[in-house]
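Remarks on the structure that follows.
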Amino acid sequence: MQIELPARLPFSLPAVVRSHGWIQLAPFESLGDLGAFRYVDLLSSGKVVELRLNPAPSGVSLSVDADLLPSDTEEIQGKLTWMLGLDQDFSDFYALASREPKLAYIVKQARGRILRSPTFFEDVLKTILTTNTAWGGTKRMVSALVDHLGSPLPSDPGCRAFPSPAQVASLDEDALRNTIRLGYRAPYVLELARLVSGGALDLEAFKTSDLPTHELRAQLLAIKGVGGYAAANLLMLLGRYDYLPVDSWAIKVVSHEWYEGQPIGPSQVEAAFEPWGEWKGLAYWFWDWVYLK
DNA sequence: GGTAGACCTGGACGC
DNA sequence: GCGTCCAGGTCTACC
């Protein structure tokens, strides 16, 4: 099956794929420099399918090598619309960014969308695995989860989907700690998986919630393992940009941008982007940093 | 409300 | 090859 999914323009598949590191985490796999990628997905019907995405003139081209029911196709289209932000509108942000030399490039390059996982459970779990570790550690932990627990792709059993909450909850804390090697994060991941698989926590509802951002943030902070940095990152994935994901990297780049590399704290990072209001997260994310030149 | 220490792993470094 | 130190956010206990 091959279909084309339209996107609200301007749209750039490479811009979405390169928006952050998710493309490097299983079961995503980049397929070249033009934004093409594949993703192994477990559908609600239980089928495991490989989704292949390529750029197309009006959005993206999807190919799936599997027999699908209409309900499967509808589910896949809905997931990809969310993952790639196909219907997101950044015109208000672009109007502001076009007047800021450090952000003007994003309009030309159609930046703004941030690659998401199909489920918010996957994004929350992966975000917890980004905290207090190097990026290599995050990749290792995610790969171990997928390899040990994910459902295999029938045509290539070596490739697996991201495990469902029930699949993660099927392991005990000791196995998550010592086999998957999540370390001290194991009880956080297990509690999250149990809450979601048991129905006590509806993470998918976060996607469409109309709660004010500060209330949504409070609910995210109630998840064990999610602190201020992780919550801000997750809010960005939900399309809420009014909190900054302040980590050691943010402090470093802001220090070099405005404080000549001198030691600063989180409050200086916050102050630097305060004028951007509801767009501060995006302004920070796509800022053309002096430090990177 | 603010702060100190613990948590766990991998990488860098010195020997 | 081995041991030590450090970086990376969050949680808990304490003040």
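So that the names make sense, note that chain A is the first sequence line, chain B the second, and so on, each numbered from 1. What you see is a predicted model; the values in this text were computed from it and never measured.
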Rounded to the nearest Å, what distance is computed from the [atom1] atom of residue [X] to the [atom2] atom of nucleotide [N]?
X        : N      : atom1 : atom2 : answer
A/Tyr184 : C/dA7  : OH    : C1'   : 11 Å
A/Leu220 : C/dG9  : CG    : C1'   : 16 Å
A/Asn132 : B/dA6  : CG    : C1'   : 10 Å
A/Lys139 : B/dT9  : NZ    : C1'   : 16 Å
A/Ile128 : C/dC11 : CD1   : C1'   : 13 Å
A/Tyr188 : C/dG8  : OH    : P     : 19 Å
A/Leu176 : B/dT9  : CG    : P     : 13 Å
A/Glu191 : C/dT10 : CD    : P     : 16 Å

NZ or CZ of A/Arg116 within 45° of A/Trp82 ring axis and under 6.0 Å
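Because its charged atom sits under 6.0 Å from the ring centre and within 45° of the axis, A/Arg116 does stack over A/Trp82.
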Hphob cluster co-occupancy, A/Val226 + A/Leu211, side-chain heavy atoms under 4.5 angstrom
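Yes: a chain of side-chain contacts under 4.5 Å links A/Val226 to A/Leu211.
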Residue whose closest nucleotide on DNA chain C lies nearer the 5' end, A/Leu221 versus A/Lys252
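Mapping each residue to its closest nucleotide by heavy atoms, the 5'-most match is A/Lys252.
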Given [options], which nucleotide is nearest the side-chain atoms of [X]?
X        : options                : result
A/Arg181 : C/dC11, C/dG8, B/dT9   : B/dT9
A/Arg177 : C/dT10, B/dC7, B/dG10  : B/dC7
A/Arg140 : B/dG10, C/dT10, C/dT12 : B/dG10

Using a heavy-atom cut-off of 4.0 Å across all strands, would you classify A/Gly225 as base, sugar-phosphate, or nothing?
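Result for A/Gly225 = sugar-phosphate.
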With sugar-phosphate meaning primed atoms plus P, OP1 and OP2, does A/Leu129 contact a base, only sugar-phosphate, or nothing at under 4.0 Å between heavy atoms?
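It contacts nothing in the nucleic acid.
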Between B/dC7 and A/Arg185, is there an OP1 or OP2 to side-chain N/O distance shorter than 4.0 Å?
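No, because none of the side-chain N or O atoms of A/Arg185 sits under 4.0 Å from OP1 or OP2 of B/dC7.
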Tell me whether the side-chain N/O atoms of A/Ser248 come closer than 4.0 Å to OP1 or OP2 in C/dG9.
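Yes, such a contact exists.
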A quick test of your reading: do over 12 heavy atoms of other residues, nucleotides or ligands sit less than 6.0 Å from CG of A/Asp33?
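Result for CG/A/Asp33: open.
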How about A/Glu100: does its CD atom have over 12 heavy atoms from other parts shown lying under 6.0 Å from it?
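Yes, the 6.0 Å shell around CD holds more than 12 heavy atoms from other groups.
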Is the gap between the ring centers of A/Trp285 and A/Trp276 under 6.0 Å?
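Not close enough - the centres of the two rings lie 6.0 Å or further apart.
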